[in-house]
Amino acid sequence: AATVLASTTLDSNEPKSSEPADEQALLKRAEALELEEVRLEMVQKYVAAGKTQEFAEQEVDKFLSDPERSEKYLEMRRYAKAQSEAMMGFESPLFIGGGFLLGLLGTVGLNYLSAMKDVSP
């Protein structure tokens, strides 16, 4: 009876311990998808540069198998992607438009004041 109780206790804890495993599996899957995406992009760049498909795949696989170089590349790629996603929000065009409007009003206002001084005695 004690064995059944112990296994029942373990079974009740099992969903809690499987959640981090699910998260880890999800992270590994995301990393694998990212590597596949990077691999395809790099192979396409080699082929566009006039290299053969086989040569491109060999070079890209060699590069991605070197953890030191590939991790640096992947980190820079993630950073650039995050920066581009941050610039895609509505805030950036709003700030640029606001800066343009402020500059335009300042220029027109100063020119108006200068013209008023010239006209007035």
Side-chain angles (χ1 to χ4, degrees):
T3 308
V4 174
L5 181 60
S7 67
T8 305
T9 305
L10 290 177
D11 288 343
S12 67
N13 291 336
E14 198 171 71
K16 292 179 184 175
S17 64
S18 68
E19 288 174 3
D22 289 343
E23 290 176 12
Q24 286 181 347
L26 199 61
L27 283 172
K28 285 185 180 187
R29 178 72 177 144
E31 288 176 4
L33 287 173
E34 180 187 27
L35 275 176
E36 186 62 28
E37 180 184 344
V38 168
R39 184 179 185 279
L40 290 173
E41 287 176 5
M42 293 178 84
V43 167
Q44 287 175 350
K45 287 180 183 179
Y46 267 97
V47 171
K51 307 295 182 188
T52 65
Q53 181 78 21
E54 296 81 26
F55 176 79
E57 289 176 355
Q58 289 173 353
E59 288 296 309
V60 169
D61 289 339
K62 189 187 321 178
F63 175 77
L64 291 176
S65 67
D66 181 5
E68 186 176 319
R69 293 190 313 165
S70 64
E71 279 302 315
K72 288 179 183 177
Y73 176 79
L74 290 172
E75 187 176 323
M76 287 189 299
R77 185 176 182 275
R78 287 182 199 122
Y79 179 76
K81 197 173 189 179
Q83 290 295 319
S84 69
E85 288 174 359
M87 293 300 289
M88 297 302 283
F90 72 93
E91 297 92 356
S92 295
L94 186 67
F95 287 141
I96 291 171
F100 175 77
L101 186 61
L102 185 64
L104 180 66
L105 290 175
T107 303
V108 169
L110 288 175
N111 286 338
Y112 179 76
L113 286 175
S114 176
M116 290 304 288
K117 284 182 181 178
D118 289 343
V119 172
S120 299

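Because only heavy atoms are used, hydrogens play no part in the values below, and waters and symmetry mates are left out as well, while side chains stay in. In this text, all values refer to a predicted model and were calculated from it rather than measured experimentally.
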Test log, rule side chain to side chain contact (heavy atoms under 4.5 Å, CB included), inputs E37 and R77
CA-CA 12 Å; E37 180 184 344; R77 185 176 182 275; 3.0 Å; yes
Does V60 form a side chain to side chain contact (heavy atoms under 4.5 Å, CB included) with L40? I'd like the steps, not just the answer.
CA-CA 9 Å; V60 169; L40 290 173; over 6 Å; no
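A distance of 14.5 Å separates CZ in R29 from CG in D22, rounded to the nearest 0.5 Å. A distance of 7.5 Å separates CD of E34 from CD of E31, quoted to the nearest 0.5 Å. Atom CZ of R69 is separated from atom NZ of K62 by 8.0 Å, given to the nearest 0.5 angstrom. To the nearest 0.5 Å, the span separating CG on L105 from CG on L110 amounts to 11.0 Å. Interatomic distance, CG of L102 versus OG1 of T107, reported as 9.0 Å (0.5 Å rounding).
Closest approach of S70 and F63 over heavy atoms only: CB-O, 3.6 Å.
Looking at E57, Q53, E59 one by one, the single match for side chain to side chain contact (heavy atoms under 4.5 Å, CB included) with F55 turns out to be E59.
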